[in-house]
Amino acid sequence: MAFTSKLIVRALSTSAAHFNSIKTVTVIGSGLMGSGIAQVAAASGHKVIVVDKTQDIINKAESSIKKSLERIVKKKFPDDTKVGKQKYLTDVLENLSLSTDALAAVKSSDLVIEAIVENLDVKKELFSALDKAAPEKTLFASNTSSIPIKEIATATQRKDRFGGLHFFNPVPLMKLLEVIRIPETTDATYKSLEAFGKALGKTTVQCKDTPGFIVNRLLVPYMAEAIRLVERGDASPRDVDTAMKLGAGYPMGPFELLDYVGLDTTKFIIDGWSKKEPDNPLFQPSQMLNKLVKENKLGMKSGEGFYKYDKK
Ligand SMILES: C[C@H](O)CC(=O)SCCNC(=O)CCNC(=O)[C@H](O)C(C)(C)COP(=O)(O)OP(=O)(O)OC[C@H]1O[C@@H](n2cnc3c(N)ncnc32)[C@H](O)[C@@H]1OP(=O)(O)O
Ligand SMILES: NC(=O)c1ccc[n+]([C@@H]2O[C@H](COP(=O)([O-])OP(=O)(O)OC[C@H]3O[C@@H](n4cnc5c(N)ncnc54)[C@H](O)[C@@H]3O)[C@@H](O)[C@H]2O)c1
């Protein structure tokens with residue numbers, strides 16, 4: 001009897017210790033979000049592999065991570081000599097490696113975070129392959145903005161080790177992380193994902209697997225309503241932005257934010273929701289948004305959206 005309970009206690013504490021010790025992370029997708037997530041995970045001492053489809057894309061991600069780190073060291077070491085800054089940069093970059101081979105990258109990972117295109121079929125195809133390649137212990141998380149986590153998790157045999165980690169753009173600066181659980185997510189998995197978020201320096205909030213979680217459920221209809229206001233000819237994007245910044249104290253106006261988030265990502269979100277709830281007035285597709293995306297005007301990342309940007 002005593003022997004059995006000792007075994008149980010040992011098993012429980014081993015699993016708790018395991019679930020609280022994420023040290024190696026694979027981030028799949030190295031765009032706006034993936035590169036930011038990889039950066040903050042590496043900066044907080046995790047060994048990170050960031051994966052994308054081609055070497056070219058990965059190289060661009062590396063250079064955007066370096067640029068972001070340069071901005072951070074300026075603030076972190078305002079009076080420091082070059083030595084302190086250099087050490088910080090070297091330490092973070094030593095924790096980061098780049099790959100185009102997702103299946104190899106997940107082999108030694110405690111946690112896989114997916115940050116690829118906002119498309120259910122593409123995400124499921126990826127997770128199905130990763131599920132076969134990753135060790136049993138590996139936790140999976142999606143950074144999806146709008147797709148139900150439970151639908152993505154059906155591609156795997158590890159729903160108990162699956163959750164949502166929804167970061168915000170720009171990841172190095174935004175302090176929030178939404179941690180999402182599905183009914184199958186175990187407490188140990190949830191706690192581990194939450195502990196990982198805190199280790200990254202984020203404030204975590206918990207939300208059920210509902211459309212848009214907390215922030216996007218409020219933010220996306222607000223941005224869509226701003227587009228409708230301009231579509232009706234009631235005001236220009238510039239004036240709406242000025243109004244919301246100076247009249248409501250938002251750091252960016254809705255059109256600046258749309259361009260910052262990416263118009264393709266916003267369109268994927270609205271389309272997905274309007275397909276599920278076609279009668280919901282908050283989720284109506286927008287002609288203006290669809291036209292811009294069709295013209296490949298995706299916002300800051302493509303050089304033009306509602307506004308034009310210098311391509312550096
Ligand atoms: C849709 C998705 O699912 C969910 C989402 O992500 S929704 C989007 C959520 N994000 C937002 O709402 C962002 C709203 N905007 C903001 O909070 C602010 O405009 C901002 C933090 C992005 C930028 O701040 P702002 O003061 O406007 O501009 P800026 O002067 O360029 O930057 C402030 C500082 O941050 C630094 N910074 C900006 N972006 C950075 C980055 N990516 N990496 C590192 N540092 C950065 C700048 O260097 C600057 O540093 P300094 O104070 O030493 O000069
Ligand atoms: N943009 C935002 O503000 C924001 C905020 C929070 C969450 N998200 C979510 O994060 C995810 C990524 O968004 P993003 O803005 O970083 O998009 P992005 O277009 O900037 O980057 C996506 C990256 O994924 C890569 N990719 C696509 N399919 C892949 C695959 N099968 N394997 C490996 N790489 C692949 C692409 O090459 C691209 O580099 C989406 O689910 C989005 O909804 C976006």
Side-chain angles (χ1 to χ4, degrees), residues 26-40 43 49-61 64-78 98-103 105-106 112-130 141-147 149 152 164-178 180 211-220 222-223 241 244-245 249-254 256-272 293 298-302:
T26 301
V27 180
I28 318 261
S30 72
L32 277 178
M33 297 307 291
S35 58
I37 297 166
Q39 177 185 325
V40 293
I49 307 178
V50 56
V51 181
D52 212 302
K53 291 191 289 192
T54 68
Q55 196 56 43
D56 206 33
I57 303 176
I58 280 286
N59 292 344
K60 281 193 194 125
S64 95
I65 290 173
K66 282 183 178 160
K67 270 190 209 146
S68 173
L69 286 171
E70 291 287 351
R71 293 166 89 174
I72 284 165
V73 288
K74 260 195 209 155
K75 224 184 289 180
K76 213 174 164 68
F77 304 96
L98 312 167
S99 169
T100 53
D101 187 345
L103 300 187
V106 297
V112 175
I113 305 174
E114 167 274 312
I116 67 166
V117 63
E118 187 73 342
N119 176 303
L120 177 61
D121 292 337
V122 183
K123 285 186 193 289
K124 279 174 77 174
E125 190 182 327
L126 174 72
F127 272 118
S128 165
L130 297 180
S142 173
N143 180 52
T144 178
S145 298
S146 64
I147 300 173
I149 301 294
I152 305 174
L165 284 176
H166 186 227
F167 289 86
F168 295 85
N169 182 25
V171 182
L173 299 192
M174 301 307 281
K175 296 187 175 70
L176 186 70
L177 176 65
E178 291 175 330
I180 317 301
F213 315 129
I214 300 172
V215 172
N216 283 345
R217 182 62 196 238
L218 300 174
L219 196 58
V220 174
Y222 151 74
M223 295 194 291
D241 280 350
M244 292 313 291
K245 283 190 288 187
Y250 284 26
M252 284 178 172
E256 289 167 335
L257 191 54
L258 280 155
D259 278 359
Y260 196 65
V261 164
L263 302 191
D264 51 344
T265 299
T266 311
K267 177 174 155 46
F268 285 133
I269 297 172
I270 293 174
D271 287 353
V293 172
L298 307 181
M300 285 177 91
K301 65 182 168 188
S302 71

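Heavy-atom basis, side chains included; hydrogens, waters and symmetry copies ignored. When a ligand or atom number is given, it counts from 1 through the structure's own listing order.
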As a quick check of understanding, evaluate side chain to side chain contact (heavy atoms under 4.5 Å, CB included) for Ile149 and Phe213, giving each step before the final call.
CA-CA 10 Å; Ile149 301 294; Phe213 315 129; 4.2 Å; yes

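Glu118 places a side-chain N or O within 3.5 Å of a backbone atom of Ser146 that can act as its donor or acceptor partner. A donor-acceptor distance shorter than 3.5 angstrom exists from the side chain of Glu178 to the backbone of Val215, with no hydrogens or angles considered. In this structure a side-chain-to-backbone donor-acceptor pair under 3.5 Å is present from Thr26 to Ala105. Checked by atom type and distance alone, the side chain of Asp101 pairs as donor or acceptor with a backbone atom of Leu103 at under 3.5 Å.
The residue among Lys245, Glu178, Met223, Met252 with a heavy atom at the shortest distance from atom 15 (N) of ligand 1 is Met252.
Atom 1 (C) of ligand 1 is flagged as protein-proximal [any protein heavy atom, distance under 4.0 Å]. For atom 48 (O) of ligand 1, the protein comes within 4.0 Å by at least one heavy atom. Less than 4.0 angstrom separates atom 10 (N) of ligand 1 from at least one non-hydrogen atom of the protein. Proximity of atom 23 (C) of ligand 1 to the protein is not indicated, since no non-hydrogen protein atom lies closer than 4.0 angstrom. Distance remark: protein heavy atom not present below 4.0 angstrom from atom 27 (O) of ligand 1.
The closest side-chain donor-acceptor pair between Ser142 and Glu114 falls under 3.5 angstrom.
Atom 17 (O) of ligand 1 has as its closest protein heavy atom Pro251 CG, 3.6 Å. In terms of protein heavy-atom proximity, atom 29 (P) of ligand 1 is closest to Arg71 NH2, 4.7 Å. For atom 44 (C) of ligand 1, the closest heavy atom belonging to the protein is Ser68 OG, 3.2 Å. At the shortest separation from atom 4 (C) of ligand 1 among protein heavy atoms lies Asn216 OD1, 3.5 Å. Of all protein heavy atoms, the one closest to atom 42 (N) of ligand 1 is Pro170 CB, 3.7 Å. Closest to atom 5 (C) of ligand 1, if we only count protein heavy atoms, is Phe168 CD2, 3.6 Å. Nearest non-hydrogen protein atom to atom 35 (O) of ligand 1 is Leu173 CD1, 3.2 Å. Nearest protein heavy-atom contact of atom 34 (C) of ligand 1 is Lys75 NZ, 3.6 Å.
A distance of 9.0 Å separates CD1 of Ile147 from CG of Asp121, quoted to the nearest 0.5 Å. From Thr266, atom OG1 reaches atom CE of Met223 across 4.5 Å, with rounding to the nearest 0.5 Å. Interatomic distance, NZ of Lys301 versus CG of Asp264, reported as 3.5 Å (0.5 Å rounding). Atom OH of residue Tyr260 and atom OG1 of residue Thr265 lie 13.5 Å apart, to the nearest 0.5 angstrom. With rounding to the nearest 0.5 Å, the separation of CG in Leu130 from CD in Glu125 is 10.5 Å. Atom CD1 of Ile65 is separated from atom CG of Leu98 by 7.0 Å, given to the nearest 0.5 angstrom.
Take Pro211 and apply the side-chain contact (heavy atoms from CB on, under 4.5 Å) test, not counting sequence neighbours, and it matches Arg217, Trp273. Here Val122 pairs with Ile116, Val117, Asn119 under the side-chain contact (heavy atoms from CB on, under 4.5 Å) rule; sequence neighbours left out. Take Lys66 and apply the side-chain contact (heavy atoms from CB on, under 4.5 Å) test, not counting sequence neighbours, and it matches Glu62, Leu93.
Checked by distance only, ligand 1 and Asn169 come closer than 3.5 Å through their nitrogen or oxygen atoms.
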I'd like the atom pairs linking ligand 2 to the protein - N or O on both sides, separation under 3.5 Å - with distances to 0.1 Å.
unit_1   : atom_1 : unit_2 : atom_2 : d
ligand 2 : 1 (N)  : Val261 : O      : 2.8
ligand 2 : 8 (N)  : Ser145 : OG     : 3.0
ligand 2 : 10 (O) : Asn143 : ND2    : 3.0
ligand 2 : 16 (O) : Leu32  : N      : 3.4
ligand 2 : 16 (O) : Met33  : N      : 2.9
ligand 2 : 19 (O) : Lys301 : NZ     : 3.3
ligand 2 : 20 (O) : Leu32  : N      : 3.0
ligand 2 : 34 (N) : Asp52  : OD1    : 3.4
ligand 2 : 37 (O) : Asp52  : OD1    : 2.7
ligand 2 : 39 (O) : Asp52  : OD2    : 2.6
ligand 2 : 41 (O) : Ile116 : O      : 3.2
ligand 2 : 41 (O) : Glu118 : OE1    : 2.5
ligand 2 : 41 (O) : Lys123 : NZ     : 2.8
ligand 2 : 43 (O) : Glu118 : OE1    : 2.9
ligand 2 : 43 (O) : Ser145 : N      : 3.4
ligand 2 : 43 (O) : Ser145 : OG     : 2.7

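Looking at Leu219 against ligand 1, only its side chain comes within 4.0 Å, counting heavy atoms. Within the 4.0 Å heavy-atom criterion, the part of His166 lying near ligand 1 is the side chain and not the backbone. When non-hydrogen atoms are compared, ligand 1 lies under 4.0 Å from the side chain of Leu257 (C-beta onward) but not from its backbone.
Listed by number with element, the atoms of ligand 1 under 4.0 Å from a non-hydrogen atom of Tyr260 are 22 (C).
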